[in-house]
Amino acid sequence: MSTTADPLAALGALPGVPEAVDSVRKAVDRVYGHRVMRRRSNEITAEAALRGARGSAALSGADWALEEVRRRTDFSIDEESRMVGAALRLTAEAGQLLSIWRQSPLRVLARLHLVAAGGAGVSDELVGRPRLTGEPVDEPLVELPLPSAGEVAGRLEGLSELIIAGGSAPALVTAAVVHGELMALRPFGSHNGLVARTAERVVLIGSGLDPKSVCPAEVGHGELGRAAYVAALDGYVSGTPGGMAAWIAHCGRAVELGARESTAVCEALQRGAA
């Protein structure tokens with residue numbers, strides 16, 4: 001990351017990033033301008049939450065059909081169902097943490113991990129805190145080199161300081177960096193992917209880009225697929241300008257696809273088909 005006073009703003013100026021930011025804004029505006037949003041925005045928000053949770057769980061290895069997620073009531077049967085249940089709990093929790101995020105992002109991340117792992121059979125002593133030296137990480141779908149616990153602590157503190165300080169960076173850039181940094185660090189012993197994608201959601205909502213949470217990036221990440229997700233994440237971890245820009249653009253495309261999904265829901269409701 002840049003060493004300038006506002007490194008996130010510097011990332012926003014990378015080649016291709018301003019175009020991605022503009023494209024995301026237009027996609028979001030299209031959803032918010034739909035006539036159904038004026039009357040039934042709560043329904044769109046609820047549907048976006050369900051679809052976002054499904055997409056995030058799919059990237060963590062529990063790729064269920066949307067209707068299966070919708071009809072299921074017991075999420076404790078096996079590992080996949082517990083993963084889906086964790087994704088649903090996180091989506092519900094995200095909107096409750098907005099006021100805390102800008103003052104204490106590390107507290108929010110700890111809470112997100114507690115919500116994800118607390119009902120998923122993870123030992124209580126490993127829940128809601130960054131991992132310590134020697135503790136394993138269960139994140140089988142991401143095979144990037146694992147930073148040490150000491151590096152994790154330092155970089156989390158740096159990320160927290162950036163968020164608290166604020167700045168002029170577009171919401172997409174901040175959300176992508178939060179997401180990418182958490183995936184690079186995998187600070188918790190489990191559920192890092194779910195936590196990282198929920199933190200991205202928190203930034204997008206809290207920034208005012210998507211205040212009603214109707215443009216679920218998780219849908220787009222799931223639609224783009226695991227291979228593209230991991231490849232883009234490799235770019236972030238490389239730290240090169242091109243790699244960082246590619247990751248931000250990938251996250252932007254995910255938001256656009258989430259917006260497209262909710263636009264389709266609006267159209268279905270307008271036709272009386274949903």
Side-chain angles (χ1 to χ4, degrees), residues 16-60 63-70 84 87-88 90-91 94-95 170-176 178-180 193-194 196-233 245-274:
V17 173
E19 292 81 0
V21 169
D22 184 58
S23 184
V24 164
R25 168 53 69 188
K26 289 176 180 176
V28 172
D29 286 348
R30 280 193 292 272
V31 180
Y32 278 83
H34 198 286
R35 66 176 62 185
V36 169
M37 281 292 292
R38 292 195 291 270
R39 297 177 288 110
R40 305 176 72 175
S41 64
N42 288 342
E43 292 174 67
I44 307 304
T45 296
E47 188 65 20
L50 184 73
R51 295 176 185 227
R54 193 218 74 81
S56 191
L59 281 177
S60 288
D63 192 359
W64 287 13
L66 178 63
E67 291 311 312
E68 176 67 11
V69 178
R70 196 189 302 281
V84 175
L88 289 166
L90 284 172
T91 301
L172 171 64
V173 173
T174 303
V178 167
H179 184 169
L194 294 184
R197 291 185 287 276
T198 306
E200 179 183 46
R201 171 186 283 264
V202 169
V203 174
L204 294 171
I205 300 169
S207 66
L209 176 65
D210 181 21
K212 295 183 183 295
S213 192
V214 295
C215 302
E218 305 97 320
V219 167
H221 287 303
E223 186 172 334
L224 291 167
R226 193 176 303 148
Y229 183 75
V230 172
L233 186 59
W247 169 250
I248 294 168
H250 181 86
C251 291
R253 182 60 180 151
V255 176
E256 290 182 54
L257 290 171
R260 186 181 72 177
E261 185 92 351
S262 286
T263 299
V265 172
C266 286
E267 293 292 336
L269 286 172
Q270 186 167 278
R271 294 192 303 269

From [atom1] ([X]) to [atom2] ([Y]), nearest 0.5 Å:
X	Y	atom1	atom2	result
Ile44	Glu261	CD1	CD	11.0 Å
Glu218	Leu257	CD	CG	12.5 Å
Leu59	Leu224	CG	CG	9.0 Å

Of all heavy-atom pairs between [X] and [Y], which one has the smallest distance, and what is that distance?
X	Y	answer
Ala27	Ala259	O-CB, 3.8 Å
Ser60	Leu194	OG-CD2, 3.8 Å
Val69	Trp64	CG2-CB, 3.9 Å
Ala171	Leu209	CB-CB, 4.0 Å
Val17	Ile248	CG1-CG2, 4.0 Å
Cys266	Val36	O-CG2, 3.4 Å

Determine whether [X] and [Y] make a side-chain contact, defined as any pair of heavy atoms from C-beta on separated by less than 4.5 Å.
X	Y	answer
Lys26	Arg30	yes
Glu68	Val84	no
Val214	Val28	no
Cys215	Val31	yes

request  = Step by step, work out the side-chain contact (heavy atoms from CB on, under 4.5 Å) result for Glu47 and Leu269.
outcome  = CA-CA 11 Å; Glu47 188 65 20; Leu269 286 172; over 6 Å; no
ask   = Strictly by modelled atom types, are Arg201 and Ser213 linked by a side-chain donor-acceptor pair under 3.5 Å?
value = yes
task = Measure the acute angle between the ring planes of His179 and His221, then classify it against the limits of 30° and 60° as parallel, tilted or perpendicular.
result =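 His179 vs His221 ring planes: perpendicular.
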ask   = Per the side chain to side chain contact (heavy atoms under 4.5 Å, CB included) rule, which among Leu204, Val202, Thr198 passes with Glu200?
value =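 Among Leu204, Val202, Thr198, the one that satisfies the side chain to side chain contact (heavy atoms under 4.5 Å, CB included) with Glu200 is Leu204.
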request  = Check each of Arg38, Arg39, Met37, Glu43 against Ser41 using the side chain to side chain contact (heavy atoms under 4.5 Å, CB included) test, and report the only one that passes.
outcome  =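 With Ser41 as partner, side chain to side chain contact (heavy atoms under 4.5 Å, CB included) holds for just one option, Met37.
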task = Step by step, work out the side-chain contact (heavy atoms from CB on, under 4.5 Å) result for Asn42 and Lys212.
result = CA-CA 8 Å; Asn42 288 342; Lys212 295 183 183 295; over 6 Å; no
inquiry  = One pair to check against side-chain contact (heavy atoms from CB on, under 4.5 Å): Arg271 and Glu267. What are the steps and the verdict?
reply    = CA-CA 6 Å; Arg271 294 192 303 269; Glu267 293 292 336; 3.6 Å; yes
message = Does Arg35 have more than 12 heavy atoms from other residues, nucleotides or ligands lying within 6.0 Å of its CZ?
response = no
task = Please lay out, stage by stage, how Arg54 and Asp63 fare under the test side-chain contact (heavy atoms from CB on, under 4.5 Å).
result = CA-CA 7 Å; Arg54 193 218 74 81; Asp63 192 359; 2.9 Å; yes
